[in-house]
Visitor: 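Can you read through this structure? Questions will come right after.
In listed order, ligands and their atoms are each counted from 1. These numbers were taken from a predicted model, which means no experiment stands behind them.
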Amino acid sequence: MRFGIAGAGFSGAVIARELAEAGHEVHVFDTRDHVAGNCHTERDPETGVMIHRYGPHIFHTGNERVWSYINRFGRMMPYNHRVRTTVGGRTYLLPVNLLTINQLFGTALRPDEARAFIDEQADHTIEEPANFEEQALKFMGRKLYDAFFHGYTRKQWGLPPTQIPASVLKRLPLRFSYEDSYFNHPYQAIPKDGYTAIVEGILDHPGIEVRLGTPFPLGERSRFDHSIWTGQLDAWFGHEFGHLRYRTLDFEEIRAKGDYLGCPVMNFGDIDVPYTRIAEHKHFAPWEEHEGTVCFREYSRLAEEGDIPYYPIRMTTDKTLLTRYLDAAREEPDVTFVGRLGTYRYLDMDVTIAEALTAADGILEAIDRSEPIAPFFVDA
Ligand SMILES: Cc1cc2nc3c(=O)[nH]c(=O)nc-3n(C[C@H](O)[C@H](O)[C@H](O)COP(=O)(O)OP(=O)(O)OC[C@H]3O[C@@H](n4cnc5c(N)ncnc54)[C@H](O)[C@@H]3O)c2cc1C
């Protein structure tokens with residue numbers, strides 16, 4: 001069969017490879033002039049630092065299939081992510097752990113003592129939290145919430161946390177140990193030669209043709225027996241029912257000599273600091289040495305026409321609109337919607353790869369059984 005794929009990020013590339021290996025003809029289009037989508041990396045010509053162009057990307061997974069898949073296409077270097085936060089003129093460790101708690105309260109509590117102490121701080125008058133703020137106050141009380149959650153959340157989402165659903169904070173986001181590794185997964189790594197080299201390797205197959213700087217030819221899609229759409233779900237429908245909303249990021253570059261931050265990522269929780277965090281990219285490759293350094297301040301705002309869509313907003317009104325598009329997608333013939341934009345969800349890279357592999361399996365099984373190919377292979 002002949003497939004057309006919109007998007008050369010992990011979603012599009014992994015599906016392209018699986019289909020090509022099964023003997024199909026695959027045409028991949030991307031509007032950008034590079035592959036790897038938002039995971040794109042490139043060397044800064046001045047310093048030699050590997051830059052994560054659309055924000056820092058750390059690979060972490062517990063999925064064996066995904067871990068062995070990515071290792072087929074490049075060397076993954078062990079990397080343990082650590083994040084700090086500056087708030088009220090002091091610096092603390094994240095995720096909020098025993099040291100963070102003891103520093104904030106000027107205590108020296110052991111784990112069980114800290115649990116009991118946080119339970120005393122928690123606002124037990126809140127029975128049914130109506131929003132993110134109430135959920136956090138019910139879990140941890142005012143002081144921890146104000147220091148580490150209120151300002152950052154407000155800046156990231158551009159909304160008072162009283163307008164964010166309680167479901168965003170599902171469980172107590174505190175650790176009662178001194179463990180400050182940001183992720184818990186057994187495999188945590190960053191590719192030695194960057195993510196773009198990995199995705200180039202995935203797409204390097206005689207059955208795949210890649211056209212960069214070229215939008216998917218929606219008007220001529222009948223050229224393909226089936227299309228895979230990893231672009232924005234509503235864009236497939238010409239935004240017929242309205243635009244699904246996203247947050248976008250503005251990056252402000254800082255160049256310096258030596259070490260600017262002393263860590264890969266520093267968050268800024270104070271509401272009067274307009275950016276959410278600074279990332280120093282040479283710390284994502286601790287096996288390299290560079291004299292110069294490049295950092296980016298991140299500012300979060302609502303995406304407008306022409307902005308890069310980063311984080312789906314998924315508040316109640318967005319979900320209502322999403323339902324209309326999902327219903328329309330289920331009726332659409334000869335197309336499968338995949339990936340973070342195609343399903344309007346935040347997906348980590350490992351989940352993206354896992355879902356792309358599942359989608360490819362589903363497509364190949366449908367072909368084997370001569371059945372129609374489904375529009376989704378995950379619960380979108
Ligand atoms: C700031 C930020 C930080 C992140 N950090 C991490 C992290 O640390 N760890 C982690 O695991 N994940 C992280 N992620 C998530 C990661 O970026 C995604 O998992 C991944 O990019 C999803 O791949 P994708 O192929 O679905 O989408 P994308 O990477 O967005 O690729 C989609 C591609 O489709 C192209 N496209 C869209 N429309 C069209 C069209 N009409 N025609 C042709 N091409 C089109 C786009 O140009 C894009 O290249 C982060 C995400 C963000 C926003």
Visitor: Check each of Arg340, Glu298, Arg211, Arg277 against atom 30 (O) of ligand 1 and report the one with the nearest heavy atom.
Guide: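 That would be Arg340.
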Visitor: Among all the protein's non-hydrogen atoms, which is closest to atom 10 (C) of ligand 1, and how far away is it?
Guide: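 Result: Asp348 OD1, 3.2 Å.
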Visitor: Going by the closest heavy atom to atom 2 (C) of ligand 1, which one wins out of Phe59, Phe251, Phe216, Tyr311?
Guide: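 Considering heavy atoms of Phe59, Phe251, Phe216, Tyr311, the nearest to atom 2 (C) of ligand 1 sits in Tyr311.
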Visitor: For atom 5 (N) of ligand 1, grab the closest protein heavy atom and report residue, atom and distance to one decimal in Å.
Guide: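 Ranking protein heavy atoms by distance from atom 5 (N) of ligand 1, first comes Pro56 O, 3.1 Å.
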Visitor: Going by the closest heavy atom to atom 25 (O) of ligand 1, which one wins out of Ser11, Gly7, Ala279?
Guide: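 The residue whose heavy atom sits nearest atom 25 (O) of ligand 1 is Ser11.
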Visitor: Suppose I only count heavy atoms of Gly231 and a 4.0 Å limit; which atoms of ligand 1 are within that range?
Guide: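 Near Gly231, meaning under 4.0 Å from one of its heavy atoms, ligand 1 has 37 (C), 38 (N).
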Visitor: Please identify which atoms of ligand 1 are closer than 4.0 Å to at least one heavy atom of Thr230.
Guide: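 So the atoms of ligand 1 that pass are 32 (C), 34 (O).
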Visitor: I want to confirm something. Looking only at heavy atoms, which of Asp30, Leu347, Asn38 is nearest to atom 33 (C) of ligand 1?
Guide: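 Result: the heavy atom closest to atom 33 (C) of ligand 1 is in Asp30.
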Visitor: Under 4.0 Å from any heavy atom of Trp229, which atoms of ligand 1 are there?
Guide: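 Those of ligand 1 that fall under 4.0 Å from Trp229 are 41 (N).
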Visitor: Could you check whether Arg301 pairs with Asp307 (Lys NZ or Arg NE/NH1/NH2 to Asp/Glu carboxylate O, under 4.0 Å)?
Guide: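 So Arg301 pairs with Asp307 through a salt bridge.
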Visitor: Below a 4.0 angstrom heavy-atom separation, can you tell me which part of Ala235, side chain or backbone, both or neither, approaches ligand 1?
Guide: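 It is neither; nothing of Ala235 touches ligand 1.
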Visitor: Are the charged groups of Asp327 and Arg324 less than 4.0 angstrom apart, N to O?
Guide: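 No.
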Visitor: Filter on side chain to side chain donor-acceptor pair (under 3.5 Å), then keep only pairs touching residues 94-107, sequence neighbours left out; what's left?
Guide: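 The answer is Asn97-Thr100, Asn102-Thr107, Asn102-Tyr178.
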Visitor: Would Arg65 and Asp361 count as a salt bridge (charged side-chain N to carboxylate O under 4.0 Å, His left out) here? Give the steps.
Guide: CA-CA 13 Å; Arg65 185 181 183 196; Asp361 292 345; 3.1 Å; yes
Visitor: Out of all atoms in ligand 1, which are within 4.0 Å of some heavy atom of Leu249? Include the element for each.
Guide: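 Every atom of ligand 1 under 4.0 Å from some heavy atom of Leu249: 1 (C).
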Visitor: Would you mind checking which non-hydrogen protein atom is closest to atom 39 (C) of ligand 1, with the distance to 0.1 Å?
Guide: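 Answer, as residue, atom name and distance: Thr31 OG1, 4.2 Å.
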Visitor: Under 4.0 Å between a Lys/Arg side-chain N and an Asp/Glu carboxylate O for Asp334 and Arg221?
Guide: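 Here Asp334 does not pair with Arg221 in a salt bridge, since their nearest N and O are not under 4.0 Å apart.
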Visitor: Before we go on, tell me: are the rings of Phe284 and His52 under 6.0 Å apart, centre to centre?
Guide: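 Yes, they do, as the ring centres are separated by less than 6.0 Å.
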Visitor: For atom 14 (N) of ligand 1, grab the closest protein heavy atom and report residue, atom and distance to one decimal in Å.
Guide: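 In this structure, atom 14 (N) of ligand 1 has Tyr346 OH, 3.1 Å as its nearest protein heavy atom.
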Visitor: Looking at Thr352, which atoms of ligand 1 are within less than 4.0 Å of one of its heavy atoms?
Guide: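 Those qualifying, in numeric order: 19 (O), 22 (C), 23 (O), 26 (O).
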Visitor: One thing to verify: whether Arg115 and Glu113 come together as a salt bridge, which I'm taking to mean a side-chain N less than 4.0 angstrom from a carboxylate O.
Guide: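 Salt bridge: no.
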Visitor: Using a 4.0 Å cutoff against the non-hydrogen atoms of Gly339, which atoms of ligand 1 qualify?
Guide: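 Numbered from 1, ligand 1 contributes 26 (O).
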Visitor: Identify, by atom number and element, the atoms of ligand 1 in contact range of Phe29, meaning under 4.0 Å from any of its heavy atoms.
Guide: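 Numbered from 1, ligand 1 contributes 43 (C), 44 (N).
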Visitor: Below 4.0 angstrom, N of the basic side chain to O of the carboxylate: do Asp44 and Arg255 qualify?
Guide: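 A salt bridge is present here (some side-chain N lies under 4.0 Å from a carboxylate O).
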Visitor: Supply the members, apart from Met50, of the Ile/Leu/Val/Met/Phe/Trp/Tyr cluster built from side-chain contacts under 4.5 Å; use none for a lone residue.
Guide: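 Reading the cluster by chain and number, Met50 sits alone, since nothing else belongs.
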Visitor: Determine, for Arg17 against Glu21, whether the closest basic-nitrogen to carboxylate-oxygen distance falls under 4.0 angstrom.
Guide: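 Counted as a salt bridge, because a side-chain N and a carboxylate O are separated by less than 4.0 Å.
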Visitor: What is the nearest protein non-hydrogen atom to atom 53 (C) of ligand 1, stated with its residue, atom name and distance?
Guide: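 Sorting protein heavy atoms by distance from atom 53 (C) of ligand 1 puts Tyr310 CD2, 3.2 Å first.
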Visitor: Is it the case that atom OH in Tyr182 sees more than 12 heavy atoms from other parts of the structure closer than 6.0 Å?
Guide: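 No, not enclosed.
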Visitor: Measure the distance from atom 8 (O) of ligand 1 to every protein heavy atom, then report the residue, atom name and distance (to 0.1 Å) of the closest one.
Guide: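 The closest one turns out to be Ile58 N, 2.8 Å.
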Visitor: Using a 4.0 Å cut-off to any heavy atom of Arg32, which atoms of ligand 1 qualify?
Guide: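 With Arg32 as reference, the close atoms of ligand 1 come out as 47 (O), 48 (C), 49 (O).
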Visitor: Counting heavy atoms only, which of His57, Met349, His52, Arg345 comes nearest to atom 17 (O) of ligand 1?
Guide: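 Among His57, Met349, His52, Arg345, the closest heavy atom to atom 17 (O) of ligand 1 comes from His57.
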